[in-house]
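Because the structure is predicted, anything quoted here is derived from the model rather than measured.
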Amino acid sequence: MEEPCSTLALPGLPCYNTSLRLDNLCTDVLLLVFENLHPAGLSTLACVCRRFNEIITPMIYHTVPLDLLLDEQHPEEILSRRQGKAFTYTRQLFIGGDIKQDDIKRFLANTKELQSVKYTYSPGRSVEPICPWKQVYDMEVHLREGNAKLYIDNFTLTNPIDEAWKIGDFPPTTDFGKSLVSLKMGSTQVLHSESALDILKKLLLRAPILETFHYMGSRAPRVPGRQFIFEENQRLPPFGDLMLKNYDWKHDAGDVKLHWDFSRIRSLALLMIPVYKFLESVPFSDLAQLQHLHVEDYSEAIEHENSRRATEKLYALIKEDIRALQTLNLTCFIELFHIDALLVHAQSLTSLVFRNHHISNNLRQHRPVLNAEQLTILSKSQTSLESLEIDIDHRAFPETCLLALCQFPRLHSLVLHTQTVIQPDSSHRPGQDPDLTRAYDCFTLLVRQRPGPTKWQRVVINVGGWRERVVNHRAGRKPRIGHSKTYTYYGACVSQRYFVLEESASGQEDLIYEELPPKDEGLTHFHGNLRTGRSFVPQTKVEEDKR
């Protein structure tokens, strides 16, 4: 540690005449150099000299996962030394849900310079069963003193009615939620009880600096879930990032004015909720600053007319009120949503998912999709678009549509959803795969006709993923072995398929492969260079991994 650092000689000059020692560089310059090194390289470089060690140690321990500091595979002496450094230098701490509560409390109490804590709840994996609300409260007690911010991911509402929560008189009436900045709930198959939702509401009301809130109700399909029941003078904080999934929105304009605050909203996701009722109650002027919008309606099968009205409302909102969207993920009735609303955001939009709401597996039924003319208009205006996901009718996988997709100047990620080309009454010789052949032909055209410097990084053709069907085993239909998702075409059970084209790391050739669940069956890979026209050779995943 006492040895001098390495010497760098300037090119063309004698080493003894003009030289620059690394340890003579100012700390700011060294920090810029060290920030670009791999963590393993930093650990090695910290052993060069004392000065490097003093600069690098805070960098190594700035952001750490708690489980690494408690890894029992290392000797106790090493763990003690690491934990001591963490107490001094850690600013951002990551906590998993399978760590003992006493260890969490110890680190929160001793790490004095904490700026943020990200807690990922893992229901069912915790080494000591405890009410999740109690864990949040215990972390709040320690974070409150140091003004650190708390971020919670994958949080799951248990039946609040956890005895520890009841007996301890939770939630506390004061100083609860003051450190909470982000609360993201995980998915669940259990419908939240009214009492659980009420406790969640109380937490939100006591979280004045909460910026991100992701609510996820029951995963049961087409189930509207529950909603908050507000009392007088109860008003939620102004969210910047809000996601509501399986939330039964029944609030009217009066309720929104009294209990919701959309003044700071920048990211909004409405998934499987009655979108029309939401748009009827929320002033569009409050949504003008939106940068990210994701909408999927659940009411198509329940209130068909409201679903069509929702598309009309979304069209007006996106065209006339929202100023500059960066990402848009929209499921709607394409025939009611004119693309001129997308042209308004031509300079800012970088990611677009634009899919039709009414989806059918009938091979002979026309599918409302973007045609070649519309795609050409978008390609000339959407100069910033990098990612695109749309529906394509299998009968019209027309060359003109694919050529239009090639004209987007910055587009590098593309997902196309289509039906299978296999007819129910057709017969194919062994070894024939019409869907693969069609996908390969599309990949070839997309690659060869792509102009300019931008290359395709990833192209996916999803066959059969239009609508999931429940297979009736009593009717004699069974899913393919090992496939959890099945799709019905004229009574035939077919799994959806993903054909993928990806650019290799070297950029010299393209990898084409098919993803088929489950993983233990492996992936079938087809490898080839589409730019040079060299034919591909089918390979198994094992063979590909050996390369």
Side-chain angles (χ1 to χ4, degrees), residues 1-6 22-122 125-128 130 132 134-154 175 178-182:
M1 299 292 289
E2 300 294 341
E3 294 298 324
C5 297
S6 302
L22 279 177
D23 59 347
N24 285 338
L25 294 175
C26 67
T27 302
D28 291 341
V29 173
L30 288 176
L31 281 172
L32 292 175
V33 174
F34 295 160
E35 285 175 356
N36 293 284
L37 297 179
H38 190 274
L42 279 178
S43 299
T44 303
L45 198 58
C47 301
V48 172
C49 64
R50 283 185 178 178
R51 184 169 180 235
F52 282 11
N53 184 68
E54 292 173 356
I55 296 174
I56 292 174
T57 299
M59 296 175 61
I60 294 177
Y61 286 91
H62 181 275
T63 303
V64 294
L66 185 54
D67 56 345
L68 291 183
L69 298 175
L70 300 172
D71 191 351
E72 297 180 354
Q73 295 181 356
H74 297 285
E76 185 175 349
E77 179 182 353
I78 294 179
L79 290 178
S80 178
R81 184 165 60 250
R82 286 183 177 179
Q83 292 177 18
K85 293 180 179 179
F87 292 155
T88 303
Y89 299 114
T90 297
R91 301 294 181 267
Q92 299 177 2
L93 188 65
F94 293 90
I95 303 176
D98 52 352
I99 298 177
K100 294 180 180 180
Q101 194 70 7
D102 290 341
D103 288 329
I104 295 177
K105 292 180 180 179
R106 178 165 57 90
F107 269 83
L108 295 182
N110 290 282
T111 311
K112 302 300 183 181
E113 301 297 327
L114 267 180
Q115 297 175 355
S116 66
V117 174
K118 183 175 181 180
Y119 171 65
T120 303
Y121 180 64
S122 302
R125 292 199 302 121
S126 180
V127 293
E128 48 179 355
I130 188 171
K134 183 68 166 59
Q135 290 178 312
V136 174
Y137 176 72
D138 288 342
M139 286 188 285
E140 274 270 339
V141 170
H142 295 285
L143 296 178
R144 199 178 306 138
E145 300 176 358
N147 296 320
K149 304 297 187 293
L150 177 61
Y151 301 78
I152 301 177
D153 280 0
N154 198 42
D175 292 332
K178 296 291 183 66
S179 304
L180 189 60
V181 174
S182 174

Trainee: Closest approach of Thr111 and Thr90, non-hydrogen atoms and distance?
Mentor: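 Taking Thr111 first and Thr90 second, the nearest heavy atoms are CG2-O, 3.6 Å.
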Trainee: What's the shortest heavy-atom distance between Leu69 and Ala86, and which atoms?
Mentor: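 Nearest heavy atoms, Leu69 then Ala86: CD1-CB, 3.6 Å.
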Trainee: Any side-chain heavy atom of Val181 sitting closer than 4.5 Å to one from Leu150?
Mentor: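 They are not in contact (no side-chain heavy atoms under 4.5 Å apart), so the answer is no.
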Trainee: Using salt bridge (charged side-chain N to carboxylate O under 4.0 Å, His left out) as the criterion, list what pairs up with Arg91, not counting sequence neighbours.
Mentor: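 Scan of Arg91 (salt bridge (charged side-chain N to carboxylate O under 4.0 Å, His left out), adjacent residues dropped) gives none.
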Trainee: Suppose we screen for side chain to side chain donor-acceptor pair (under 3.5 Å). Which residues come up paired with Asn110, at least two apart in sequence or across chains?
Mentor: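 Residues passing side chain to side chain donor-acceptor pair (under 3.5 Å) with Asn110: none at all.
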Trainee: Who passes ring pair (Phe, Tyr, Trp, His ring centres under 6.0 Å) against Phe87, sequence neighbours left out?
Mentor: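 Partners of Phe87 by the ring pair (Phe, Tyr, Trp, His ring centres under 6.0 Å) criterion, ordered by chain and then number, come out as Phe107.
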Trainee: Looking at residues at least two apart in the chain, or sitting in another chain, which of them share a salt bridge (charged side-chain N to carboxylate O under 4.0 Å, His left out) with Lys149?
Mentor: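 Partners of Lys149 by the salt bridge (charged side-chain N to carboxylate O under 4.0 Å, His left out) criterion come out as none, since no residue qualifies.
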Trainee: Check whether any side-chain heavy atom of Phe94 sits under 4.5 Å from a side-chain heavy atom of Thr63, and report yes or no.
Mentor: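 Yes, side chains in contact.
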Trainee: Would you compute the distance between atom CG of Asp153 and atom OG1 of Thr120 and round it to the nearest 0.5 angstrom?
Mentor: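 Rounded to the nearest 0.5 Å, the CG-OG1 separation comes to 5.0 Å.
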Trainee: Specify the closest pair of heavy atoms between Ser116 and Ala148, including all atoms of both residues, with the distance to one decimal.
Mentor: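 Taking every non-hydrogen atom into account, N-CB, 4.3 Å.
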Trainee: Roughly how far, to the nearest 0.5 Å, is the CD1 atom of Ile95 from the CD1 atom of Ile152?
Mentor: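 Going from the CD1 atom of Ile152 to the CD1 atom of Ile95 covers 10.0 Å.
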Trainee: Is there side-chain contact between Lys105 and Leu108, with at least one heavy-atom pair below 4.5 Å?
Mentor: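 No, every pair of side-chain atoms sits at 4.5 Å or beyond.
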Trainee: Report the residues that fulfil side chain to side chain donor-acceptor pair (under 3.5 Å) with Thr88, sequence neighbours left out, ordered by chain and then residue number.
Mentor: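 With neighbours one apart ignored, the set is empty.
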Trainee: Are more than 12 heavy atoms, taken from residues, nucleotides or ligands other than Lys85, located less than 6.0 Å from that residue's NZ atom?
Mentor: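 Counting other residues, nucleotides and ligands, NZ of Lys85 exceeds 12 neighbours.
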